[in-house]
Amino acid sequence: MEHITAPVMESVLRKDPGEKEFHQAVHEVLMSLSKVIDSYPNLVYHKILDRIVEPERVISFRVPWTDDQGILQINRGCRVEMNSALGPYKGGIRFHPSVNLSIMKFLAFEQTFKNALTGLNLGGGKGGADFDPKGKSDLEIMRFCQSFMSELWRHIGDRTDIPAGDIGVGGREIGYMFGQYKRLRNEFSGVLTGKGSQWGGSFLRPEATGFGLVYFAAHMLAGRSETLEGKTCLISGSGNVAQFTAEKLLEMGAKVISFSDSTGAMVDHDGIDHEKLAFVKQLKNVHRGRIAEYQERYPHAQYYRFNPRDAFSPLWAQEADCAFPCATQNEINEQDAKHLAENKVILTAEGANMPTSEEGIEIFLSSGMLFGPAKAANAGGVAVSGLEMAQNGSRLQWSRSQVDDHLHRIMKNIYTTCVEYAQRYSTPENFVDGANIAGFIRTANAMLDQGYV
Ligand code: NDP
Ligand code: 2IT
């Protein structure tokens with residue numbers, strides 16, 4: 001069946017040279033689809049594959065802002081509106097110096113399938129800027145967010161495109177962007193999700209990605225009559241997703257031993273309890289400090305400074321039962337995956353988007369490890385964003401427990417969908433194929449219904 005998917009891949013490589021992250025995301029999905037596409041001649045005839053890899057719209061814009069010294073700075077902003085077959089474009093905004101078109105397109109592509117898996121009416125999109133929030137004052141962040149929105153506002157809307165947070169964009173940035181949108185449009189609407197809970201935000205949206213990830217992992221383990229209780233867990237990253245993954249793991253009786261950031265990783269073999277987690281939250285969210293400071297506060301912990309020339313990360317070489325990469329793309333390379341497999345890690349569930357390289361995924365799948373791919377495992381965040389949109393549409397706010405019930409139900413549905421599609425089209429427990437195929441079929445059928453657009 002590669003005769004159907006290979007030309008699509010070749011066309012992407014030809015049209016989008018140099019976009020290596022986008023190539024990687026497309027290749028992974030096409031490899032899964034090559035196992036089933038023959039059964040869907042209608043989708044082939046109507047060129048769904050050729051269309052699904054082409055963004056509906058890409059918006060690139062200049063973001064000028066002045067720093068605290070009064071010096072003009074210029075960044076590049078972007079929004080990739082990938083696919084609106086299932087609903088308005090939906091996906092986060094990332095502020096990080098590494099942001100480029102390839103990264104935006106891979107994220108928007110992944111988001112399309114992820115959002116389909118939630119069962120909600122959400123299309124796929126992603127945006128961001130190559131702006132580095134590190135070391136910036138609060139006023140610099142506000143000026144940047146206002147300038148970013150001064151261009152983006154004309155392209156988005158609560159029925160068109162609804163951005164949210166991602167790396168470098170949390171509650172503070174969403175607030176500043178919302179304020180500017182409201183001012184320009186003279187309209188208080190649900191145009192962004194992740195808003196403050198006093199002014200339209202859903203309870204549990206900040207927690208949702210991490211909590212959902214742990215619910216998903218618990219289902220995967222239950223499939224093998226296992227639980228998280230007493231399991232030693234590695235977490236990378238120390239931002240939004242990492243923190244709430246840790247919080248839920250502690251609640252489920254697991255032992256969390258690590259966090260990281262882009263400078264290094266810390267490992268605390270005694271376990272990171274609620275008090276130590278509160279320290280990390282304060283450090284990262286209030287003081288915006290570095291994870292290295294954990295060791296200053298808890299000297300028995302180990303700290304490993306990353307060196308970009310290192311062949312593997314010391315974090316993934318630690319002994320553990322479960323691994324939760326929650327930092328960024330391609331943070332687990334082939335060597336890291338080998339270490340995890342050799343150390344008999346029984347589960348890896350992806351909180352970050354595409355944190356495992358394709359070679360790494362191969363190693364996980366062939367080792368018999370349970371592997372929860374990002375587009376299934378981290379879908380809890382966008383799912384609660386969808387619930388925030390529902391609450392905004394009805395001018396109501398649901399209780400924390402109502403939202404949590406929905407999140408539980410959605411994560412369970414995603415898990416059973418992955419199991420079902422893996423069993424039907426691939427090998428049992430191959431949730432990569434399960435997620436890719438299920439997300440694709442739902443999106444593709446909607447595209448078919450809506451004609452050649
Ligand atoms: P945050 O900005 O809150 O935290 C990001 C964390 O990852 C920080 O600890 C950061 O370290 C680290 N990090 C970022 N870039 C790199 C890098 N190049 N190398 C090593 N570490 C890095 O972001 P989130 O927690 O929101 O996002 C984390 C991941 O989860 C991303 O892949 C995101 O796409 C994904 N995700 C987020 C969702 C959400 O709702 N927020 C939903 C679904 C997925 P440092 O402080 O040094 O930059
Ligand atoms: O990658 C993701 O799913 C997100 N950053 C969240 C997107 C959203 O719209 O809530």
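Remember, predicted model here, so these are calculated numbers, not experimental data. Just follow the structure's listing: the first ligand is 1, and inside any ligand the first atom is 1. In what follows, every heavy atom counts, from backbone to side chain, and hydrogens, waters and symmetry copies are set aside.
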Exercise. Any cation-pi pair here, K182 with F188, using under 6.0 Å and within 45°?
Worked result: no
Seminar exercise, completed: If we number the atoms of ligand 1 from 1 as shown, the ones under 4.0 Å from a heavy atom of K134 are 45 (P), 46 (O), 47 (O), 48 (O)
Exercise. Nearest heavy atom to atom 47 (O) of ligand 1: which of G92, G237, S262, G381 does it belong to?
Worked result: S262
For this session: Between S260 and ligand 1, find which residue part has any heavy-atom pair under 4.0 Å and reply side chain, backbone, both or neither.
Result: backbone
Problem set entry | Residue-ligand contact K126/ligand 2, heavy atom below 4.0 Å | yes
Exercise. Is atom CD of E342 surrounded by more than 12 heavy atoms (other residues, nucleotides or ligands) closer than 6.0 Å?
Worked result: yes
Problem set entry | Any donor-acceptor N/O pair, S102 side chain to F22 backbone, under 3.5 Å | yes
Seminar exercise, completed: Within the 4.0 Å heavy-atom cut-off, what K114 brings close to ligand 2 is side chain
For this session: May I ask you to list the atoms of ligand 1 that are less than 4.0 angstrom from any heavy atom of C326?
Result: 28 (C), 29 (C)
Problem set entry | Closest protein heavy atom to atom 10 (O) of ligand 2, given as residue, atom name and distance to 0.1 Å | S385 OG, 2.6 Å
For this session: Mark the output for Q329 as yes if a heavy-atom distance to ligand 1 is under 4.0 Å, and as no if none is.
Result: no
Seminar exercise, completed: Out of A379, A327, A352, the nearest non-hydrogen contact to atom 28 (C) of ligand 1 is supplied by A327
Exercise. Considering only protein heavy atoms, which is closest to atom 27 (O) of ligand 1, and at what distance to one decimal place?
Worked result: I167 CG1, 3.7 Å
For this session: State whether the side chain of E173 and the backbone N or O of G170 hold a donor-acceptor pair below 3.5 Å, judged by distance alone.
Result: yes
Exercise. For ligand 1, does E331 get within less than 4.0 Å through its side chain, its backbone, both, or neither, judged by non-hydrogen atoms?
Worked result: neither
Exercise. Taking N or O atoms only and a 3.5 Å limit, does D166 qualify as a polar contact for ligand 2?
Worked result: yes
For this session: Decide side chain to side chain donor-acceptor pair (under 3.5 Å) for S357 and E334; before the verdict, give the C-alpha distance in whole Å, the side-chain angles of both, and the deciding distance to 0.1 Å.
Result: CA-CA 7 Å; S357 69; E334 189 174 2; over 6 Å; no
Exercise. Taking only heavy atoms of S238, which atoms of ligand 1 are found under 4.0 Å from at least one of them?
Worked result: 9 (O)
For this session: Indicate, as side chain, backbone, both or neither, the part of R288 found under 4.0 angstrom from ligand 1 when only non-hydrogen atoms are considered.
Result: neither
Exercise. Going by the atom numbers of ligand 1, which of them fall below 4.0 Å from some non-hydrogen atom of R94?
Worked result: 31 (C), 32 (O), 33 (C), 34 (O)
Exercise. Among the heavy atoms of R94, does any lie under 4.0 Å from an atom of ligand 2?
Worked result: no
Problem set entry | Taking atom 4 (O) of ligand 1 as the reference point, the nearest protein heavy atom with its distance | G239 CA, 3.3 Å
Exercise. In the protein, which heavy atom is nearest to atom 9 (O) of ligand 2, and how far is it?
Worked result: K90 NZ, 2.6 Å
Exercise. Under 3.5 Å, is there a donor-acceptor pair between the side chain of Q391 and the main chain of W398?
Worked result: yes
Exercise. Salt bridge between K231 and D321, side-chain N to carboxylate O under 4.0 Å?
Worked result: no
Exercise. Please state which protein non-hydrogen atom is closest to atom 6 (C) of ligand 2 and give its distance, to 0.1 Å?
Worked result: R205 NH2, 3.5 Å
Exercise. Among N353, L213, T209, N240, which one has a heavy atom closest to atom 40 (O) of ligand 1?
Worked result: T209
Exercise. Applying a 4.0 Å heavy-atom criterion (strictly less than), which segment of N353 is in contact with ligand 2: side chain, backbone, both, or neither?
Worked result: side chain
Exercise. Considering only the protein, which heavy-atom contact is closest to atom 24 (P) of ligand 1, and what is its distance?
Worked result: V241 CG2, 3.9 Å
Seminar exercise, completed: Under 4.0 Å from one or more heavy atoms of R290, ligand 1 contributes atoms 45 (P), 46 (O), 47 (O)
Exercise. Judged by atom type as modelled, is there a donor-acceptor pair below 3.5 Å linking the side chain of W316 to the main-chain atoms of E331?
Worked result: yes
Problem set entry | Pair F148 and F131, ring centroids less than 6.0 Å apart | no
Exercise. What protein heavy atom sits nearest atom 15 (N) of ligand 1, and how far away is it?
Worked result: H96 NE2, 3.5 Å
Seminar exercise, completed: among protein heavy atoms, the one nearest atom 7 (C) of ligand 2 is G92 N, 3.5 Å
For this session: Would you please determine whether K284 falls within less than 4.0 Å of ligand 1 on a heavy-atom basis?
Result: yes
Exercise. Can you check whether H300's main-chain N or O pairs, donor with acceptor, with H269's side chain at less than 3.5 Å?
Worked result: no
For this session: For G165 and ligand 2, answer yes if some heavy atom of the residue is under 4.0 Å from a ligand atom, otherwise no.
Result: yes
For this session: Of the side chain and backbone of S98, name the one, both, or neither that has a heavy atom under 4.0 Å from an atom of ligand 1.
Result: neither
For this session: Within a distance under 4.0 Å of any heavy atom of G351, pick out the atoms of ligand 1 and give their elements.
Result: 30 (O), 35 (C), 36 (N), 44 (C)
Problem set entry | Minimum-distance protein heavy atom relative to atom 16 (C) of ligand 1 | T328 CG2, 3.6 Å
Exercise. If hydrogens are left out, which of A374, G168, A208 has an atom nearest to atom 2 (O) of ligand 1, that is, the closest non-hydrogen atom?
Worked result: G168
For this session: Answer yes or no: is there a side-chain heavy-atom contact under 4.5 Å between D268 and Y294?
Result: yes
For this session: Could you check which of D166, D132, I103 puts a non-hydrogen atom nearest to atom 34 (O) of ligand 1?
Result: D166
Exercise. Numbering the atoms of ligand 1 from 1, which are under 4.0 Å from a heavy atom of N378?
Worked result: 43 (C), 44 (C)
